[in-house]
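In what follows, a single structure is set out as structure tokens and then discussed.
If you're wondering where the values come from, they're calculated on a predicted model, not measured in any experiment. Note on naming: letters A, B, ... go to the chains in the order of the sequence lines (proteins, then strands), and numbering restarts at 1 for each one.
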Amino acid sequence: MNSAAALSSHADPRRLPPTVLSNVLTIGKRELRDAVRSRWFLLYTIAFAALGLAVSFVSAAGSGGTGLSGYGRTTAGLVNLVLLVVPLMALTAGAATIASDRERGMLSYILAQPVRRNEVLIGKYLGLLGALLACIFLGLGFCTLVLAWKGQRTSAESMLWLGGLSLGLAAGMLSVGVLVSTLVRRASVAVGTAIFIWLSLVFVTDLGLMAGAVALRLPIRDLFALSLINPLQVFKMWTLHAVDANLDVLGPAGLYAAEEFGARLHLIFGGCLAAWVLVPLGIAGVAISRRSPL
Amino acid sequence: MISPRTTPALFPAAAVWLLVSCHASAQSAGHEAPAPIAEGRAEPLGVVGRRIAAAAPGDTIVVGEGVYHEHLRIDKPVSLVAEGRVVLDGRGNGDVVVITAPDVTLRGFTIRNTGTDLDKENAGIRVTAARTTIEDNVLEDILFGIDLRESPDSRIARNRIGGKNLDIARRGDGLRLWRSDRTVIEENAIHDGRDAILWYSSGVTVRNNTGLRCRYGLHLMFSDNITITGNEFAENSVGIYLMYSTGVELVGNRLVRNRGPSGYGIGLKETDRFSVRGNLLTGNRAGVYIDGSPFTSAKPGEFTRNTIASNDVGMVFLPSARGNELAENNFIDNIDQVSVAGRGTLEANRFWKGDRGNFWSDYSGYDHDGDGVGDFVHEPGTLFENLMDKQPSLRLFLFSPAQQAIEFVGRAVPAIRPEPKFTDEVPLMRPVPIEPAAPADAGNRGGLALAGLAMVGIGLAALRAAASPRGDRLPRSSRTARPVGAHA
């Protein structure tokens, strides 16, 4: 049996009628399965785990053998790694999915089945998110085990926060990737666009903001507000906030945020990341429903 | 004309005038000057009060177990000793114990529930006489803890002092000395107070105390010749803040996780002739903060064999800090090892003594001749650190890839490589032994391992979902869609 048969099996009167949920789950599962078996997944998982383990080993072996292993230093190194790798993974995976299906003719084929376009979109999104979850949790899980083995002082909660928030970041970036995928016709262009977006978020936005802070002497309030636009910064600040319970490591702007918003920071950061998940996905939903030649 | 006969009479007059003016200037120095002691309201004497009234000087009064709702005034040289758990409860108003006679001993009481009046500075134990011994007491739910005013040669030992859980602005000092020279403060534990503070008190010894979650763990104001050894100050705003004091020995203390807007392990402001040796400073926002110290050029500021590790900034120098000598310290994994606030340089400070420099975890040289000293000078300073020192708000971008990009560019392009902040000509290859030992922190290894297993488990569960039997009916999509009906 193939996917088409599985999809059309909903028409079988003996079975439960197809619901939005069952359609989404079926498509999601197929997407997850495809992703897990693909080369990109293997490559990213290995790269992510290897780099993470390297960071863990180095930070455990560092500190001159004094046993004064860094307070939050390991987490900071892993945050740095997640900032680089996870958005790249999520953006390119998202960008490839619909565009490549379209290119291969698979998309019109799936849509010939009794499923709505939005169900396909969400199903694919969730399936890829599942693959990213596996990749992130396997990588960070092994890092955590190494840290425990090496007797590091990093707390269990901080690693769990890091895992969860990395997934949140992946969810946001995947959403952007899927949006690119619905808008761009060819898979190679979509992936290229995704990489361009990744570069902008990782380097260009921050460097621009830094230049702005220096040249325009931005007040720290504005600097903090502007930094909330970048989901990578939001992820970083949220992780530091959750792990250390203080943002003063980020200097005046962090102090301002901690004093001004206190516990509400969780809501602010959560809201920003949620917006990065929902808004691009919403636009993608509208775009994919409206497009007449797919 | 001043005749030889009238001259001696002028001396006392001058002395009195000096004292008065000094005192007046001290009073005007700030709100910290002690408030006048409120007259005790005419409260009938309680059980303990009557026994004090009946005692003769030199007596020892043993108080039996129980809760006494009394405000005590000890106005004769007696010893008050608690037997069992003896609670003196102030009912939420005024001071609980006031000692107005010299040579009093107060031992083993639980003193609680003072008033919350900051103007009257309600205290658990207030002392206004010399040679007082206060030992083994527990002070709970108090505004001020132990307040010594002009009580020289006293001894404060093994007391546990816990402040009221108030906003920092409404708290009182856990321990305060006002003009109480040669007092010994040892093995006390203070938490949730404002400061433990020494005002105008010389020759004081502060030994083996702990301070937790206060504003300043220990605060010196205009206090000279102070010895501070073996204390631990954690999670305060500032661990030890030395201000306007001369002759301070700071040896073997632990300063841990002192954070917040000030957030210094040790702060020095216009302090002179100080020696900071063998302290451990870790997890603070800034390990050491130096402003205008040493104040004169009489003696270089000495920093020897300290371990400054895992702080946001190891040491912050204001441009006013000149004449410090740092040798055989460990600088380990501070995000920013040494920073100059503002646009000054560190030229007026030295980072070695004789042929021994410091250990820097970021030193990248090697030791070919095996003498334990690196063969190349240590000249730190990355481009991003340089930018951060000039524009502190850029710290917001710490740990981001953009930071690393900037540092990479700074290394790769010599034209924009920043000037080194300072030079250590003889950097050590290995850290000097760390003393005192790092705080005992079990580090939850089991929990960490469990979290790791849980995360791996979640990852594997996601993979299993991809390979579940139901999913088995869905083959991997091939390069092109296959027609319906291609059943296996």
Any side-chain heavy atom of Phe399(B) sitting closer than 4.5 Å to one from Leu240(A)?
-> yes
Cut-off 4.5 Å, heavy atoms of chain A, and the answer for Ile458(B) is both
Of Leu250(A), Leu255(A), Thr144(A), Leu84(A), the largest count of non-hydrogen pairs under 4.5 angstrom with chain B goes to Leu250(A)
Donor-acceptor contact present, side-chain Asp424(B) to main-chain Asn358(B), <3.5 Å = yes
Check: Asn279(B) side chain, Gly252(B) main-chain N or O, donor-acceptor pair, under 3.5 Å = yes
Side chain, backbone, both or neither: which part of Ser155(A) has an atom under 4.5 Å from a heavy atom of chain B?
-> backbone
Identify which of Glu103(A), Gln233(A), Met159(A), Glu259(A) forms the greatest number of heavy-atom pairs closer than 4.5 Å to chain B.
-> Gln233(A)
So what's closer than 4.5 Å to chain B heavy atoms on Ile220(A): side chain, backbone, both or neither?
-> side chain
Bottom line for Phe384(B): the part with an atom under 4.5 Å from chain A's heavy atoms is side chain
What residue, out of Thr205(A), Leu145(A), Val214(A), has the most heavy-atom pairs lying under 4.5 Å from chain B?
-> Leu145(A)
Parallel, tilted or perpendicular: which fits the ring planes of Trp360(B) and Phe351(B), with parallel below 30° and perpendicular above 60°?
-> tilted
Under 3.5 Å, side chain of Asp389(B) to main-chain N/O of Ala341(B), donor-acceptor pair present?
-> no
Who among Val79(A), Ile136(A), Leu209(A) has the most heavy-atom pairs with chain B under 4.5 Å?
-> Leu209(A)
Can you tell which of Leu207(A), Leu32(A), Val36(A), Val249(A) has the highest number of heavy-atom pairs within less than 4.5 Å of chain B?
-> Val249(A)
Looking only at Leu387(B), Leu398(B), Asn311(B), Val313(B), most heavy-atom pairs under 4.5 Å shared with chain A are made by Leu398(B)
Segment of Leu140(A) engaging chain B (4.5 angstrom heavy-atom cut-off) | both
Between Val202(A) and chain B, which part of the residue has a heavy atom less than 4.5 Å away: side chain, backbone, both or neither?
-> both
Any donor-acceptor pair under 3.5 Å from Arg285(B) side chain to Pro261(B) backbone = yes
Check: Ala466(B) main-chain N/O paired with Arg33(A) side-chain donor or acceptor under 3.5 Å | yes
Residue part contacting chain A, namely of Leu450(B), when any heavy atom lies under 4.5 Å = neither
Using atom types as modelled and distance alone, determine if a side-chain donor or acceptor of Thr282(B) lies under 3.5 Å from a backbone N or O of Ala309(B).
-> yes
Proximity breakdown for Phe41(A) and chain B, heavy-atom pairs closer than 4.5 Å = side chain
Check for a donor-acceptor pair, side chain of Asp101(A) on one end and backbone N or O of Met106(A) on the other, with a separation under 3.5 Å.
-> no
